[in-house]
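If you're wondering where the values come from, they're calculated on a predicted model, not measured in any experiment.
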Amino acid sequence: MVSRVIPVEDFDLVIFGATGDLAHRKILPGLYRRFIAGQIPETAQIIGAARTRQDDATFREQVRAAVAEFGGVAADEPQLDAFLSLIGYVPIDATGEGGWSELKSRVRPGAVHAFYFSVAPSLFGDIAQRLAGHGIADANSRIVVEKPFGRDLESARALNATLAQHFTEEQIYRIDHYLGKETVQNLMAVRFANILFEPLWKAEYVDHVQITVAETVGVAGRGSYYDKSGAIRDMVQNHMMQLLCLIAMEPPYHFDPNAVRDEKLKVIRALEPVGPDDIVRGQYQANGDGTSYIEDAENPDSRTESYVAMKVRIANWRWQGTPFYLRTGKKLRARTSEIAITFKEPPHSIFDEGVPKADQLVIRLQPNEGMNLKVMIKEPGPGGMRLVQVPLDMTFAEALGADGADVPDAYERLIMDVIRGNQTLFMRGDEVEAAWAWTDPIIQAWENGKARPEPYDAGSSGPEEALRLLHRDNRRWREIRA
Ligand code: BG6
């Protein structure tokens with residue numbers, strides 16, 4: 001059971017950086033999947049724009065190959081040909097004048113215009129200025145920008161200011177692809193479409209929260225980017241922060257872009273600074289045949305973290321006294337993302353045998369999306385009243401009979417939201433800046449120090465020190481397993 005597909009309006013989508021990795025792996029295959037789902041009108045135009053000099057036909061063949069490799073659906077030639085007929089290409093010079101008048105002649109008046117900046121942030125200003133200067137973009141156009149949105153508060157502010165010279169906040173769609181994930185949106189549905197959880201969703205009843213995003217991949221192939229970022233910039237400032245916000249925020253008055261983003265912003269602003277005792281950084285080392293981080297990053301002196309765990313506190317009424325433990329890392333033992341909410345133990349036990357354990361709600365984001373609520377019951381059978389904890393386990397796909405192929409990937413959903421003009425799942429400029437304002441001192445303290453990240457074995461659960469972060473609070477991490 002997957003909700004019905006509502007076609008979007010006629011549109012022209014221009015992808016700057018159309019020959020790049022993101023366009024080939026995610027954007028173009030995602031558009032194809034939406035096309036075959038019947039969501040994209042047959043009159044729409046998808047125009048690739050990049051420096052390479054080539055014609056429409058050559059680019060279409062690249063798109064055909066990208067769809068075959070990354071589309072995740074069996075190639076259906078007639079449908080693929082129909083999709084390719086929407087595709088065009090304009091060679092463009094982002095920092096010069098070449099190609100802009102041709103682009104202008106291709107973009108149709110009357111259609112929704114979206115411009116996807118799948119390029120280095122250093123080009124955002126040049127492209128924005130030329131789109132506006134050549135009259136290609138107008139007050140109804142939308143632009144889509146990718147992470148990294150800055151590498152600190154100052155650069156994020158500068159990017160926001162650059163874009164603001166030509167576009168209003170309502171026209172800017174800052175992508176955090178975690179917000180496009182089906183189950184991440186489910187966090188809001190679980191919290192705000194049920195009466196069951198919300199009354200307990202506060203420090204009085206929640207002992208602590210664990211947010212884990214564990215990956216098995218390393219950084220080989222993208223070491224030069226990653227080594228300048230590390231896990232904090234790459235994952236915590238954006239994806240983990242968004243998960244934290246959705247778990248911790250107050251109910252917005254409506255599922256409306258600014259109402260939702262206002263509430264997320266309040267959470268970010270309420271985050272307490274994280275001191276050195278509350279954070280552990282790790283760097284993977286080779287284990288068996290694999291490579292180490294420093295080999296993958298090709299930087300023998302690197303102090304960049306491929307793993308981070310931290311204890312975060314939110315200074316507001318709802319969460320006073322409930323820690324949020326966050327951890328994310330590369331080359332860990334399993335790929336799994338989950339949020340675990342551990343409730344407090346009942347204040348008094350009436351049973352002689354077996355102390356009631358704390359209930360726990362685990363929301364699995366990927367893979368195998370679902371929810372698991374651990375509750376106490378009586379152990380079946382004779383022999384008195386003994387307690388046992390059992391899981392009420394639900395896998396969303398099974399429960400809803402959803403076919404994975406029908407569930408849009410994050411990029412597909414987000415691009416369709418751009419065309420619809422819905423900013424709910426995109427980060428607002430003030431949100432991004434607030435996230436950097438909190439992250440900056442953590443990064444600066446590290447950069448000013450001399451310490452090295454703690455080594456951990458590839459394929460393990462991360463550095464030992466991360467265990468201590470919870471042990472000293474008499475808590476333990478959940479096991480990382482698929
Ligand atoms: C990206 C990061 O934003 O998210 C990557 O740059 C990371 O380092 C990726 O691997 C994780 O995304 P997902 O969708 O695979 O969980």
Side-chain angles (χ1 to χ4, degrees), residues 178 208-241 243-244 274-312 323-340 362 364-367 439 442-443 445-482:
Y178 265 56
H208 74 282
V209 177
Q210 293 185 20
I211 305 182
T212 301
V213 177
E215 298 184 273
T216 49
V217 291
V219 303
R222 59 200 287 261
S224 62
Y225 150 76
Y226 193 91
D227 205 40
K228 292 190 210 76
S229 302
I232 296 191
R233 287 193 175 96
D234 186 54
M235 295 295 289
V236 176
Q237 185 272 345
N238 37 73
H239 307 324
M240 304 283 282
M241 178 70 78
L243 299 179
L244 174 67
V274 174
D277 291 344
D278 285 338
I279 180 163
V280 173
R281 290 173 173 79
Q283 195 182 68
Y284 61 83
Q285 55 186 14
N287 183 14
D289 318 334
T291 44
S292 65
Y293 175 84
I294 54 175
E295 285 166 313
D296 287 349
E298 296 176 23
N299 178 5
D301 298 323
S302 177
R303 290 173 62 228
T304 302
E305 77 284 353
S306 58
Y307 173 101
V308 65
M310 53 171 84
K311 177 177 176 180
V312 174
F324 286 66
Y325 300 97
L326 274 47
R327 66 180 160 164
T328 182
K330 303 278 185 201
K331 282 225 182 164
L332 294 176
R333 63 190 305 188
R335 176 174 186 254
T336 177
S337 302
E338 62 165 42
I339 296 170
V362 181
R364 291 188 305 267
L365 303 177
Q366 60 187 27
T439 325
I442 304 175
I443 297 173
W446 173 253
E447 286 176 356
N448 295 341
K450 298 246 174 314
R452 301 193 70 80
E454 307 291 339
Y456 64 95
D457 282 348
S460 71
S461 296
E464 291 281 309
E465 285 64 22
L467 302 179
R468 267 179 240 138
L469 206 57
L470 269 79
H471 284 177
R472 62 173 194 201
D473 295 345
N474 285 324
R475 298 182 176 112
R476 50 175 45 217
W477 288 109
R478 282 171 50 79
E479 217 181 296
I480 294 182
R481 58 168 180 225

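Across every non-hydrogen atom of H208 and Q210, the tightest pair is NE2-NE2, 3.2 Å. Contact record, A286 with S292: N-CB, 3.5 Å, taken as the closest heavy-atom pair. Contact detail for K450 and R303: the closest heavy-atom pair is C-NH2, 3.7 Å. Heavy-atom minimum distance, V362 versus A340: CG2-CB, 4.1 Å. Nearest approach of I232 to E305, heavy atoms of both residues: N-OE2, 2.9 Å. Between I279 and L469, the shortest heavy-atom distance links the atoms N-CD1, 4.1 Å.
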Evaluation steps, side chain to side chain contact (heavy atoms under 4.5 Å, CB included), between D234 and R222: CA-CA 12 Å; D234 186 54; R222 59 200 287 261; 3.9 Å; yes
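Distance check: H471 NE2 to W477 CH2 gives 10.5 Å after rounding to the nearest 0.5 Å. Rounded to the nearest 0.5 angstrom, M310 CE and T328 OG1 are separated by 10.0 Å. Expressed to the nearest 0.5 Å, how far CG of L326 lies from NZ of K311 amounts to 13.0 Å. With values rounded to the nearest 0.5 angstrom, R472 atom CZ is found 6.5 Å from D277 atom CG. Remark: E298 CD to S224 OG distance equals 8.0 Å, nearest 0.5 Å. One distance of note links OG1 of T304 with OH of Y226; it measures 8.5 Å at 0.5 Å rounding.
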For residues 456-464, please give each side-chain donor-acceptor pair under 3.5 Å, one per line with the distance, not counting sequence neighbours.
{"from": "Y456", "atom 1": "OH", "to": "S306", "atom 2": "O", "distance (Å)": "3.4"}
{"from": "Y456", "atom 1": "OH", "to": "S306", "atom 2": "OG", "distance (Å)": "2.9"}
{"from": "Y456", "atom 1": "OH", "to": "K330", "atom 2": "O", "distance (Å)": "2.7"}
{"from": "D457", "atom 1": "OD1", "to": "Q285", "atom 2": "NE2", "distance (Å)": "3.1"}
{"from": "S460", "atom 1": "OG", "to": "D457", "atom 2": "O", "distance (Å)": "2.6"}
{"from": "S460", "atom 1": "OG", "to": "G462", "atom 2": "N", "distance (Å)": "3.2"}

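The shortest distance between side-chain heavy atoms of D227 and Y293 falls below 4.5 Å. Side-chain contact check for M240 versus V312: every heavy-atom pair is 4.5 Å or farther apart. Using a 4.5 Å cut-off on side-chain heavy atoms (C-beta onward), Y178 and S337 make contact. Counting heavy atoms from C-beta outward, M235 and V213 have side chains that approach closer than 4.5 Å.
Checking side-chain atoms of Q283 against main-chain N and O of S302 turns up a donor-acceptor pair under 3.5 Å.
Counted by atom type alone, Y325 and D473 present one or more donor-acceptor pairs between their side chains at under 3.5 Å.
The existence of a salt bridge linking E295 and K331 is excluded, since no basic side-chain nitrogen approaches an acidic carboxylate oxygen closer than 4.0 Å.
Checking each of R478, R364, R327, R481 against E338 for a salt bridge (charged side-chain N to carboxylate O under 4.0 Å, His left out) leaves exactly one that passes, namely R478.
Applying the salt bridge (Lys or Arg N to Asp or Glu O under 4.0 Å) rule to R476 yields no partners; only residues at least two apart in sequence or on another chain are considered.
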